[in-house]
Amino acid sequence: MSRLEKLRKTKSLSDLAKLLGFQPRAVSYILYKIPEDRKYIEFEIPKKNGGKRIIKAPTEKLKQLQNRLADLLNECFDQISKESNNKSLSHGFRKKHSIVTNAKNHKNKRYVFNVDLQDFFPSINFGRVRGFFIKNHHFGLEPKVATVIAQIACHNNELPQGSPCSPIISNLIGHLLDVRMVNLAKKAKCTYSRYADDLTFSTNKKNFSPLITIKQDENNWMAGDRLVKEIKKVGFTLNTEKTSMQFKTARQMTTGLIVNEKINVRREYYKNARSMCYELFRTGEFYIDKKDIPLNNEEGHKEIGTINQLEGILSFIYQIKRPHDKAKLGNRRFHPTAITKLYRDFLFYKHFYFMEMPVILCEGKTDIIYLKCALRQLAKSYTEFVEMNDDGTSYKIKFLNSSRNFRDVFSISTGTSGLNHLMEIYEKNISKFKVKGKAYPVIIIIDNDDGSKEIKKRLNIKNDEKIKDFYHFVENLYVLIIPKDKDKAIEDLFDTGVRKTKIDGKVFNRGKKIDEKKEYGKIVFAEKVIKANQQKINFDRFKEVFDEVQKIIEDYKKRNV
């Protein structure tokens, strides 16, 4: 039974609470015992175009309840969209949707017309939320249940900005608006999409239909009467101060992105990101303008930025620009463009130059799972690497998981071939930075098997040569080959009985070619054998890994005295 079907079957607060994973008395306490003035923390932030935006952040207990409700409603929305086979009209607050998917609808058009809804969240009141869940045919909930949902979601008779469930509820109710808008757009022979409170219409027709917009003078356009009426019918109003018409002969913007010929970021935005990076590489810090943070709504003012903020900006630009680069290059060998080079420099700086602890790079994510599990079980012996407390596990060494984005930026593959390429470009890339760094070593850990032969060759290790404790390569980069026995891999550090564990009648095969009928591979072994049973597994042989890491750290300290 789907979550939507379970929700439809709820009859009371108690049923809904259980569906959300709460005790009924806990939900009752949050809703009816906590005073209204203690449920939210209220503060203001300046809007980009003047005025103030009021943010109401729920307190912890209410936020947890709202998060559970949001997760449930998002699952329901996804199921409804799949069953209805609806084309995406709303692109805000949804998985696999973004300002990019929204902007693509309006690429390369003669006219792009943008309007904005006034007080989008606050205009959705308690009655609208409750009525929607009762009357909407996809839900059709019991009035008691709809009332509880509205009580969880609303504050002072409105959807508060800052609540985790306001975005999904606004999308559900906003779908009524989307249906009217897309029908009107069909009559006007134009394209429609919405991102939160931003509505965009575009067309290649010679003249824009007066159903949508009317020209006041050479520089000003206003929403057509029919558009205004249709928006009012579903309980929303237009913000007349945020209406704009953009022509193909000038720069056309939709949800902050250029849409003239291809989806792109503003040139000024990229230049600001580049300036911030250069300042960071030179001095170790940089100033960020609030308006440059993706999807930020605050008025621009400068403050000292964080690494995470800058990474968010670079990732955003990269994701916008990278598809054009790929399309342009086709099947030719990857050639880094300006944003790729900048992003690569930043990642080198963050992960390998100005890090806060030693960094470990492995052949794959399964090795990271093994090492983390081993450290948790050996925590008392390696307090300099891991700390166990009531809040969970805190690692004092960083296990760098090479994400798809990371590999794409560096143009490297997974496994030892990718690590080998990283070694090839390491010295050149790490020499670019002026600020003092390299406080800790970066340690590559590889298996002692045929897969590591290229790295061994780079380290000048002969076939029959005995493996040393560790190898210093260049700068702060080290290589650790585990185990020292020839033709062995990290999985050989586990007892034979562990490696022979059967899953659904299948045996473990650490090779690349797996007979799926009889065998399972490394991912299953790591997750279902090691991680699932870590309390019972003997990790003593992993001490040789962490002992060597200790030696590398000491060696690096001596080199930098």
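Side-chain contact between K432 and Y353: absent, with no pair of heavy atoms (C-beta onward) separated by less than 4.5 Å. Considering only heavy atoms from C-beta on, K372 comes within 4.5 Å of F399 through its side chain. Side-chain atoms of N405 and S315, non-hydrogen and from C-beta on, do get closer than 4.5 Å to each other. Between I99 and T254 the shortest side-chain heavy-atom distance does not fall below 4.5 Å. Counting only heavy atoms from C-beta outward, the side chains of V524 and V529 never approach each other to under 4.5 Å.
In this structure, F406 has its ring center closer than 6.0 angstrom to the ring center of F410. Aromatic rings from F352 and Y426 are positioned such that their centres are separated by under 6.0 Å. Checked against a 6.0 Å centroid threshold, the rings of Y349 and F346 do not count as neighbours. Checked against a 6.0 Å centroid threshold, the rings of Y478 and H472 count as neighbours.
Shortest non-hydrogen contact noted between I514 and G521 is CD1-CA, 4.0 Å.
A salt bridge links D492 to R510: one of the charged nitrogens lies within less than 4.0 Å of a carboxylate oxygen. A salt bridge does not link R8 to E5: none of the charged side-chain nitrogens sits closer than 4.0 Å to a carboxylate oxygen. Between D547 and K551 no salt bridge is recorded (no basic side-chain N to carboxylate O distance below 4.0 Å). In this structure, K63 does not pair ionically with E60, as no charged nitrogen and carboxylate oxygen lie closer than 4.0 Å. Using a 4.0 Å cut-off between charged nitrogen and carboxylate oxygen, E384 and K396 do not count as a salt-bridge pair. A salt bridge is absent between E519 and K506; no separation between the charged side-chain nitrogens and carboxylate oxygens falls under 4.0 Å. The residues E475 and K438 are annotated as salt-bridged, a charged nitrogen and a carboxylate oxygen being separated by less than 4.0 angstrom. The existence of a salt bridge linking K488 and D447 is excluded, since no basic side-chain nitrogen approaches an acidic carboxylate oxygen closer than 4.0 Å.
Note on ring orientation: taking the six-membered ring where Trp is involved, the planes of Y520 and F525 are parallel (angle under 30°, cut-offs 30° and 60°). Using bins of under 30°, 30° to 60° and over 60° for the plane-to-plane angle, the ring pair F385/Y382 lands in the parallel bin.
Atom OG1 of T101 and atom NZ of K96 lie 12.0 Å apart (nearest 0.5 Å).
Just one residue in the list I481, I552, V549 forms a side chain to side chain contact (heavy atoms under 4.5 Å, CB included) with F470, and that residue is I552.
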